[in-house]
Every structure is written in structure tokens, then in C-alpha cells.
Undergrad: 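This structure is in C-alpha cells; I'll ask about it shortly.
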2 protein chains.
Amino acid sequence: MGQITLKDIAQALNLSPSTVSRAMKNHPAISEDTKKLVQKYAEQHKYKPNTLAMQLRTNRNNTIGVIVPEIVHYFFSTVLSGIQEEAESEGYKLLFCHSQEDYEREVKSVETLIDARVCGILASQSKETQQYHHFQEIVDNNIRLVFFDRICTGINTDKVVVDDYAGAFNAVEYLISTGCSRIAFLGSHPSMPIANNRRMGYEDALRKHKLPILKEMNRVCDTPELAREVIPEMLQLNPHPDAFFCVNDEVAAYCMQISKSAGFKIPEEISVCGFTNSYITDVTDPTLTTVDQHGFEMGKVAARLLINRIEGKETKPGIVSRLIKTDLVIKGSTRK
Amino acid sequence: MGQITLKDIAQALNLSPSTVSRAMKNHPAISEDTKKLVQKYAEQHKYKPNTLAMQLRTNRNNTIGVIVPEIVHYFFSTVLSGIQEEAESEGYKLLFCHSQEDYEREVKSVETLIDARVCGILASQSKETQQYHHFQEIVDNNIRLVFFDRICTGINTDKVVVDDYAGAFNAVEYLISTGCSRIAFLGSHPSMPIANNRRMGYEDALRKHKLPILKEMNRVCDTPELAREVIPEMLQLNPHPDAFFCVNDEVAAYCMQISKSAGFKIPEEISVCGFTNSYITDVTDPTLTTVDQHGFEMGKVAARLLINRIEGKETKPGIVSRLIKTDLVIKGSTRK
DNA sequence: CTGAAAGCGCTAACAT
DNA sequence: ATGTTAGCGCTTTCAG
């Protein structure tokens with residue numbers, strides 16, 4: 001009923017467990033006859049080595065923990081997909097944790113993963129997180145840690161981030177090249193590095209082209225709820241923005257919707273640019289110009305970096321920081 | 001460096017490992033003094049019980065495996081979110097596998113999970129899967145199995161499905177009530193039960209209202225690629241469809257886009273209805289009427305059912321089949 | 001070529 | 001109230 005063990009095989013075949021163990025792994029010192037005998041018996045009785053026992057011996061479970069802030073989200077699900085593919089191809093299992101943008105849950109996830117004695121952890125922090133004592137705990141427990149996207153600046157560890165600065169810079173410069181000059185920035189809370197880097201890219205592009213950096217053109221607006229509140233206000237400005245550079249595709253989509261129903265033509269009067277290149281960019285009307293973040297690649301790169309660290313292949317001391325290049329994808333929401 | 005063990009504590013305190021073990025769990029037969037001594041020492045030295053050892057003893061690892069066909073997908077990521085929440089609240093960890101709609105990967109995922117000796121498995125099969133010998137393997141290994149959404153009809157086990165029939169029936173009846181009479185059905189491959197159930201709901205609604213069931217109004221069309229091929233053909237029909245009932249929101253969104261650019265007014269000339277209620281339904285123009293599948297709830301229900309089975313709380317013999325009710329969500333793409 | 005014994009970290013039955 | 005022993009399933013010296 002329960003699984004058959006090495007001992008069972010040994011008993012049945014009048015051999016010692018050690019011989020059976022060796023026979024199963026084709027140890028050279030075992031006679032062909034014995035090997036065949038053992039392997040045939042194992043096959044017939046569907047013997048499966050007990051992973052748990054192995055894990056206890058080696059104190060390794062070939063498992064990577066991953067903490068995602070919000071899985072119902074194009075970007076993060078893409079990253080997870082990349083992580084999974086890379087992990088699987090290297091023989092690692094994935095323990096999935098979901099902070100749901102909640103600090104307490106994030107802390108609990110970390111505890112769970114440390115407790116499970118995973119070989120390494122891939123994490124992106126929640127929007128709420130302000131302390132990082134729990135992440136430090138990971139490091140203190142000698143567990144490899146790689147942050148992706150939403151990195152925690154307080155912890156000195158490997159990370160993989162999108163080149164937010166360049167992504168924003170290039171997008172804004174493109175908007176300028178099409179004749180936009182009053183470009184609004186809809187960002188995220190400045191406590192997140194990604195928000196700051198994008199703002200800097202945005203501002204530097206304006207500076208380079210001698211456009212003014214106006215305070216009223218820069219707002220925190222990273223959810224549909226905020227969009228409904230903030231965007232109508234900005235459309236009231238005189239002169240109104242002639243372009244919106246948005247922190248994500250969803251906000252950009254709402255931005256188009258709100259602007260259209262306020263009577264503005266897109267892209268003729270107002271250009272809108274998103275960030276991520278999720279599937280919504282193809283179903284809005286017009287389709288949405290956006291910055292591709294290559295989430296899948298980020299996942300693969302992060303997983304690979306972590307695995308290399310675990311296996312001692314990434315020998316570089318100090319911390320490694322990988323940058324994922326972005327690509328501006330021009331669709332229909334920006335003027336030509 | 002490595003973790004401290006019970007034995008280490010015992011040695012340091014001149015006690016036996018068993019006493020330390022008991023002291024840690026407040027066994028009544030241990031003196032208060034010893035308990036305090038041990039617990040203080042453990043605290044100071046950051047003792048963490050070795051889960052792996054426990055798992056070997058009990059042959060249980062409190063882990064549930066989940067196999068998702070495609071995580072970059074609103075519905076499935078929602079389900080995963082529900083599964084995760086329920087599992088976490090019951091103290092189970094989640095081993096995440098991703099078949100990516102690929103049969104081979106699905107088989108491998110099953111092997112990985114059996115190998116990891118999970119307590120139970122939640123699975124939704126890939127579109128490609130035609131054989132189910134691997135799922136049978138799960139059952140043969142005495143591992144609890146619950147299918148969700150894309151169930152495998154060949155395996156006799158618990159399942160949680162969306163009420164596709166009623167969802168389709170109600171949606172189509174609504175379309176009829178608004179005056180549509182030439183309603184097209186864009187479905188999935190008939191090998192999937194969910195596709196058949198919806199088609200039956202669709203057809204029964206037509207029958208009830210004495211509308212003809214036309215072969216040319218029923219096509220397989222469940223991806224953007226197919227949409228671009230199939231929908232223009234259907235718009236050529238004379239008379240053209242005055243409504244499309246689509247298998248998912250994405251196809252519905254493309255359907256709107258294609259119909260609009262062919263010159264049709266939505267919803268005045270053509271009504272469009274999707275299925276899922278994903279976030280794209282709020283950013284299309286017009287917004288998309290759809291059938292809410294309640295993925296989060298499905299995830300919670302499936303996980304709960306599995307956990308009850310694992311813990312012997314679901315005593316009902318035979319198989320349990322839970323139905324998730326749908327809700328028609330009327331937005332802007334259907335006439336009033 | 002094969003076997004005996006020890007040990008990974010923990011617990012529980014059985015002493016004392 | 002505490003200690004001894006055995007064992008979960010496997011591997012790996014060390015000894016034949």
C-alpha cells in the first residue's frame with residue numbers, strides 16, 4: 001500500500017540494503033546479475049526512492065522559494081513563468097508564496113520558506129513593505145536570496161531589475177520627438193526604487209530637450225482607482241497635458257478611456273504610453289503604445305542567477321546586479 | 001554556521017535530546033526550570049526544528065502540488081491566488097508546476113509531484129492532453145487528486161468546475177431578450193468538456209426561444225490568431241451575426257475590434273459577450289459584457305475540498321463534484 | 001562483490 | 001522528571 005522501500009527489496013531478494021542501494025545506481029562494484037535482479041524487482045514493484053530521506057541526509061531539497069506580490073498581474077505572472085521554466089530545466093522545484101501586497105503575509109512567507117529549508121529564495125517585495133528585517137533573516141540563515149523587480153534597497157544581495165531609467169527616458173524622448181511638450185508622469189509611490197528611476201528617466205529626457213519639469217505634471221497614480229481621481233484633475237489643467245507617460249498598462253488604458261470620454265482625441269490631442277506590454281495593449285482602442293519589460297526573461301535571468309549562486313557557479317564576490325533592457329513598442333495611442 | 005540541532009542543545013545543557021525535544025513542546029512531564037532553560041537557549045541560538053527530519057518521520061510534508069496549464073492568464077492566476085490563500089490558511093505549502101499547455105510538461109509535472117511525495121494535487125489539464133495515464137498514476141500512488149476547471153473525464157476523482165452550461169444559457173438568453181436573434185458561438189475545441197457544456201447551454205437557450213441552430217454560427221475560436229481568421233469570415237455571412245458569444249474575454253475583445261474596423265457599431269449592430277470577467281473587460285471600448293467565472297472562489301473551493309480529503313474530513317465516498325456558479329456582468333458591449 | 005554499522009534530526013515507547 | 005533506545009529511508013565508510 002504505502003511505498004516500497006530499499007529495505008523491502010533487500011529482504012525480498014535476500015540482499016543487504018546497501019547492495020540494493022548500489023545496484024540501483026549502477027555502482028561498478030556490483031555484479032551485472034545482481035543489478036538486473038534488483039532493478040527488475042524495483043521496476044515491477046514500482047519502487048520510488050524516498051526523496052524525504054535523501055533530503056534529510058543531504059540537507060538539501062532542491063527547492064527554490066518564490067515570493068510574488070500579486071500573481072493576478074500580467075507582469076508578475078510572466079516573471080513566474082520564466083522562473084518556473086528555468087528552475088524546472090535545472091531540476092529545482094518551486095515553492096510558491098503570495099504576499100498579496102501585504103507586509104504581514106510577506107513576513108509569513110519568508111518564515112515558511114526558511115522553515116522549509118529551501119536552497120534559495122527569489123523575491124519581489126510588496127508595495128507596503130517598509131521594514132526588511134525578515135529579508136535579513138534569510139541572509140542570516142545562509143539562504144541565497146535574489147530580488148527581482150521590486151528590490152529591497154536595505155539588503156545587500158543579488159538582484160535583477162528592469163532598466164526603468166532607460167525605458168522611461170526612451171519613451172519620453174519618443175513622445176517629445178512626435179511633438180509632445182506637456183508630458184505628464186503618472187508614477188508609483190516614491191518609496192519604490194522603480195518609481196524613482198522612471199521619474200529620473202522622464203525628467204532627464206525633458207531636461208535634454210529643454211522642456212520644463214512641472215510639479216503639477218507629476219502625480220502618484222498606479223491603480224484604476226487613483227486613475228479615476230487623478231486623471232480628470234490633470235485634464236483640467238490649462239494648458240492640459242498633451243501626453244501621459246504611465247507607470248503601467250492598466251493605468252494607461254484607463255487614462256485613454258477617461259481622456260476620450262472627456263472629449264479628447266487619442267492620439268491626435270493626447271498621446272498615452274503605458275509600461276509592461278501586457279495583452280491589454282492590443283485590445284484597447286486605439287491600441288496602446290508601451291514599454292516592454294520582458295518579464296519572462298527577467299524570471300529566467302533571476303532564476304539562473306540564483307541557481308548559479310546555489311551551485312557555486314557564480315563566483316563573483318560582492319553582489320551581482322542584472323539589468324533587463326526594455327523596448328519601446330509603438331502602437332496606436334501615440335501620435336506619429 | 002549550519003543550523004543548530006536538538007542534539008547540540010542537549011549537549012550544551014547536559015541533557016538528553018529527548019528531554020530537549022519535550023521541553024521545546026511544553027510536554028507536561030518536564031519541569032518548568034528545564035523548559036525555561038532549554039527554550040531560552042534555543043531562542044538565543046536561533047534553533048529551528050529541521051522540517052526535513054520531521055517529514056521523514058511522519059512521511060508527510062504538508063505540501064500540495066498544483067498544476068496550472070498557463071499562468072499568464074487572468075483566470076488561472078486568479079484560481080492560483082485562491083488556492084494559495086486557502087492552502088496557506090490551513091498550513092499547507094504549495095509546489096507550483098506549469099504545463100504551459102504542453103502534454104510532456106504535464107506528465108513531467110506529475111512525476112515531480114509524486115516524487116516529492118506531496119499530500120495532494122490540484123490540477124487543470126492542458127489543452128493538448130489526450131491521454132491520462134499520468135493522472136491515473138497519482139491515484140495509484142494514493143495521492144489525493146482534485147481537478148479544477150479543465151477536468152479529465154477519464155479519471156474518477158473529485159472536481160470543481162464552473163457552471164458553464166448555466167453561464168452560457170443565461171448569457172445567450174439575455175442576448176435574445178435584448179433582441180438578438182442571429183447569435184454566433186465562438187467556442188473551444190470540443191474535446192474539452194467546458195466547451196461542450198457551453199455549447200449545450202447556448203443551443204438550449206436558442207431552442208427555448210425557438211431560434212434556429214445554425215452550423216455556420218458555431219466555430220472553434222479560442223485564441224487571438226483564430227479570431228483574426230474566423231471572425232472576418234463570419235462577418236461576411238448574409239445575414240451577418242447580430243451577436244457573438246465568445247469562449248473568453250480575449251477573443252471577445254478581438255471580436256469587437258475586428259467588427260468595429262469592419263464598420264459595425266457595437267452594441268447597436270452587433271452585441272459581444274465574453275467569458276471570465278478579466279480586467280480587460282473594463283478597458284475595451286465599449287466595455288465588455290461578460291460571464292464572471294469567480295476564479296478566486298474556485299481556487300478556494302478546490303483547495304478546501306482537497307485538504308478535507310487529505311485530512312479525512314470529507315467523508316463522502318465516491319467522488320465529489322462542486323459547481324461554481326457564474327454571474328452575467330452586463331457592461332457596454334451588448335445592446336440594452 | 002557484498003554486508004554490517006553508523007548517522008542525517010527528530011520523536012515516542014519504554015525504561016528508570 | 002529525565003534518559004535510553006530504536007527507527008523513519010537512504011547512503012557511505014569500513015570490513016570482510
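Throughout, protein chains are lettered first and strands after them, A, B, ... in sequence-line order, and every chain is numbered starting at 1. As the structure is a computational prediction, the values presented were derived from the model and not from experiment.
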Undergrad: Send over the distance from B:K35 NZ to D:dT2 P, rounded to a whole Å.
TA: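 Interatomic distance, NZ of B:K35 to P of D:dT2: 10 Å.
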Undergrad: Rounded to whole angstroms, how far apart are CG on A:N59 and P on D:dT11?
TA: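 Answer to the nearest Å: 16 Å.
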Undergrad: Near DNA chain C, which residues from residues 12-27 of chain B have a heavy atom under 4.0 Å away?
TA: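 Correct list: B:S18, B:S21, B:R22, B:K25.
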Undergrad: Do the rings of B:H73 and B:F75 sit parallel, tilted or perpendicular, given the 30° and 60° boundaries?
TA: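 Perpendicular.
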Undergrad: In whole angstrom, give the distance that lies between atom CD of B:Q11 and atom C1' of D:dG3.
TA: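 Rounded to whole Å, this separation is 15 Å.
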Undergrad: Provide the closest heavy-atom pair for B:V161 versus B:D149 in the form atom of the first, atom of the second, distance.
TA: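 Heavy atoms only, the tightest pair is CG1-O, 3.9 Å.
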Undergrad: Begin with the C-alpha distance, continue with both residues' side-chain angles, and end with the deciding distance and a verdict on side chain to side chain contact (heavy atoms under 4.5 Å, CB included) for B:I64 and B:V118.
TA: CA-CA 5 Å; B:I64 288 173; B:V118 294; 6.0 Å; no
Undergrad: From CD1 of A:I9 over to C1' of D:dT11, roughly how many Å is that when rounded to an integer?
TA: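 Atom CD1 in A:I9 sits about 15 Å away from atom C1' in D:dT11.
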Undergrad: What is the distance, rounded to the nearest whole Å, between atom CG of B:L6 and atom C1' of C:dA12?
TA: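 After rounding, the reported distance stands at 13 Å.
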Undergrad: Over how many whole Å does the gap from B:Q55 atom CD to D:dG7 atom P extend?
TA: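 For the pair B:Q55 CD and D:dG7 P, the rounded distance is 22 Å.
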Undergrad: Shorter than 3.5 Å, N or O on both sides, protein versus nucleotides 6-8 of chain C: list them out with atom names.
TA:
from	atom 1	to	atom 2	distance (Å)
C:dG7	N2	A:R57	NH1	2.8

Undergrad: With a cut-off of 6.0 Å (strictly less than), are more than 12 heavy atoms of other residues, nucleotides or ligands near NE2 of A:H27?
TA: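 Atom NE2 in A:H27 is crowded, with more than 12 foreign heavy atoms closer than 6.0 Å.
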Undergrad: Verify the distance criterion only: is there a donor paired with an acceptor across the side chains of A:N62 and A:Q55 at less than 3.5 Å?
TA: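 Side-chain D/A pair, A:N62 to A:Q55: absent.
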Undergrad: Round to a whole Å and report the spacing from CZ of B:R117 to C1' of D:dC8.
TA: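 Taking CZ of B:R117 and C1' of D:dC8, I get 11 Å after rounding.
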Undergrad: Does CD in B:Q44 sit with more than 12 non-hydrogen atoms of other residues, nucleotides or ligands closer than 6.0 Å?
TA: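 Result for CD/B:Q44: enclosed.
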Undergrad: Is it true that B:R150 and B:E70 have a side-chain N and a carboxylate O under 4.0 angstrom from each other?
TA: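 The answer is no: the pair does not qualify as a salt bridge.
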Undergrad: Keeping A:E86 on the side-chain end and A:A303 on the backbone end, is there a donor-acceptor pair under 3.5 Å?
TA: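 No; zero donor-acceptor contacts below 3.5 Å.
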Undergrad: Could you give the CD-to-P distance, from B:Q3 to C:dG9, as a whole number of Å?
TA: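 Answer to the nearest Å: 11 Å.
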Undergrad: Classify the ring geometry of B:H134 against B:Y103: parallel below 30°, tilted from 30° to 60°, perpendicular beyond 60°.
TA: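 The rings of B:H134 and B:Y103 stand perpendicular, inter-plane angle above 60°.
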